[in-house]
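Here the structure comes first, spelled out in structure tokens, and everything after it is commentary.
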Amino acid sequence: MKPYLLAIETSCDETAIAIMEGSSPKSHLCITQAMHNKFGGVVPELAARSHQKNILFLIDRTFKKANIEASQLDAIAFTQGPGLLGGLLVGGCMAKGLAYGWQLPLISVNHLIAHLTVNFIGKEEVPYPFLGLVVSGGHTILLHVEKKKCTVLGESLDDAVGEVFDKTGNLLNFPYPGGIRIDKMATKGDFTKFTFPIAKVKPFHFSFSGVKTAIRVFIERKKKEDDNFVRDNKANLCASIRYYLIQPLIKETIKAMQVTKLKRLVVGGGVAANILLQKELKYFALQKGWELHIPPVNYCTDNGVMIGVEAYFKWKKKKFANFNVVSYSRCDWTL
Ligand code: KG4
Ligand code: ZN
């Protein structure tokens with residue numbers, strides 16, 4: 001019989017809960033915190049307080065939706081990190097409290113690995129080895145993932161790609177988070193209309209702060225000349241911004257696949273939902289004979305199911321956590 005697992009995700013601005021039967025969700029619910037919209041980004045302290053307010057109610061609702069009792073659970077999983085520490089502590093303390101009270105094993109999950117292994121929802125095994133590309137609001141990272149080891153090949157030296165989508169989204173008057181809005185609007189535009197710089201950094205690494213500033217300076221200058229510049233050029237701006245943010249991801253991923261000689265590419269994180277990124281990766285996968293895994297759109301952005309899927313693979317290996325396990329805002333890959 002497959003285990004029932006309760007999975008808790010609180011690393012950023014989504015309070016997300018899933019009840020899993022093995023690696024398949026029985027029910028899952030998510031509250032996206034709307035109060036950050038007016039600040040144009042996530043305010044960590046507000047996020048933590050909101051997780052605190054909603055978490056118990058959401059766990060209760062998820063149980064009811066799955067139609068199972070707490071006594072049927074086999075383990076409790078939670079996001080240990082990386083993420084915003086306040087929120088992680090709320091989820092971690094809740095998981096520990098419930099596991100202690102119900103006498104259940106505890107499973108701590110790495111949020112970035114979960115963004116990748118959610119691709120194997122409903123499966124019994126993760127097919128190692130693979131190149132992992134995690135592209136989200138907090139991370140842009142290329143990982144060489146083997147059965148017993150995970151090596152960072154490269155990452156962003158400054159902003160994460162999702163963060164730049166959201167910050168440029170603010171400049172274009174889109175509500176937060178702007179990534180998905182830029183992506184949708186870009187499909188109606190011409191990316192050749194505006195040119196932005198691509199940073200030259202060491203192989204497999206990324207840098208987005210330069211292009212972020214270049215976009216901001218360009219838009220501010222154009223707005224001084226013409227009040228309606230953004231309104232009248234929105235689709236073309238979105239297409240160009242998307243192009244210059246996605247190109248480095250494609251280029252470094254191809255390089256990493258070639259150098260590592262891996263044949264399997266696994267992608268995850270909110271920006272994995274990007275239409276251009278998906279289109280280009282599918283094209284190269286076909287051309288180069290790679291096996292490509294991209295999650296369904298609703299499992300790209302933060303969700304409880306990804307924590308549950310990774311927890312199931314850890315449960316199978318009996319990789320349980322101690323009650324003194326500590327949440328971390330940044331990853332320690334030696335773990
Ligand atoms: O994985 P995620 O939910 O949270 C983190 O772990 O950071 O990713 C959220 C990020 C946001 O920056 C959001 O704008 C971006 O993913 N995002 C997108 C798209 N959908 C979500 N960026 C570009 N294109 C999209 N379609
Ligand atoms: Zn995430």
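Remember, it's 1-based here, ligands and their atoms both numbered in the order they're listed.
Annotation: cation-pi geometry not satisfied between Lys319 and Trp315 (NZ/CZ under 6.0 angstrom from ring centroid, within 45° of ring axis). A cation-pi arrangement, defined by a distance under 6.0 Å to the six-membered ring centre and an angle within 45 degrees of its axis, is present between Lys234 and Phe174.
In this structure, the ring of Phe120 has its center less than 6.0 angstrom from the ring center of His293. The ring of His111 has its center no closer than 6.0 angstrom to the ring center of Tyr328.
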Quiz: residues 215-223 side-chain donor-acceptor pairs under 3.5 angstrom, not counting sequence neighbours:
from: Arg216; atom 1: NH1; to: Glu220; atom 2: OE1; distance (Å): 3.4

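In the model, Asp158 has a side-chain atom that pairs as donor or acceptor with a side-chain atom of Ser207 under 3.5 Å.
The ring-ring contact (aromatic ring centres under 6.0 Å, His included) test applied to His144 returns no partner, not counting sequence neighbours.
By the 4.0 Å N-to-carboxylate-O rule, Arg49 lies close enough to Glu45 to be salt-bridged with it. Using a cut-off of 4.0 Å between Lys/Arg side-chain N and Asp/Glu carboxylate O, Glu125 and Lys316 are scored as salt-bridged.
If you look at ligand 1, the protein residues with a non-hydrogen atom under 4.0 Å away are His111, His115, Ser136, Gly137, Gly138, Gly162, Phe165, Asp166, Pro177, Gly179, Ile180, Asp183, Gly269, Gly270, Val271, Ala273, Asn274, Cys300, Thr301, Asp302.
For the Zn ion (ligand 2), the neighbouring protein N/O/S atoms at less than 2.8 Å, given as residue and atom, are His111 NE2, His115 NE2, Asp302 OD1.
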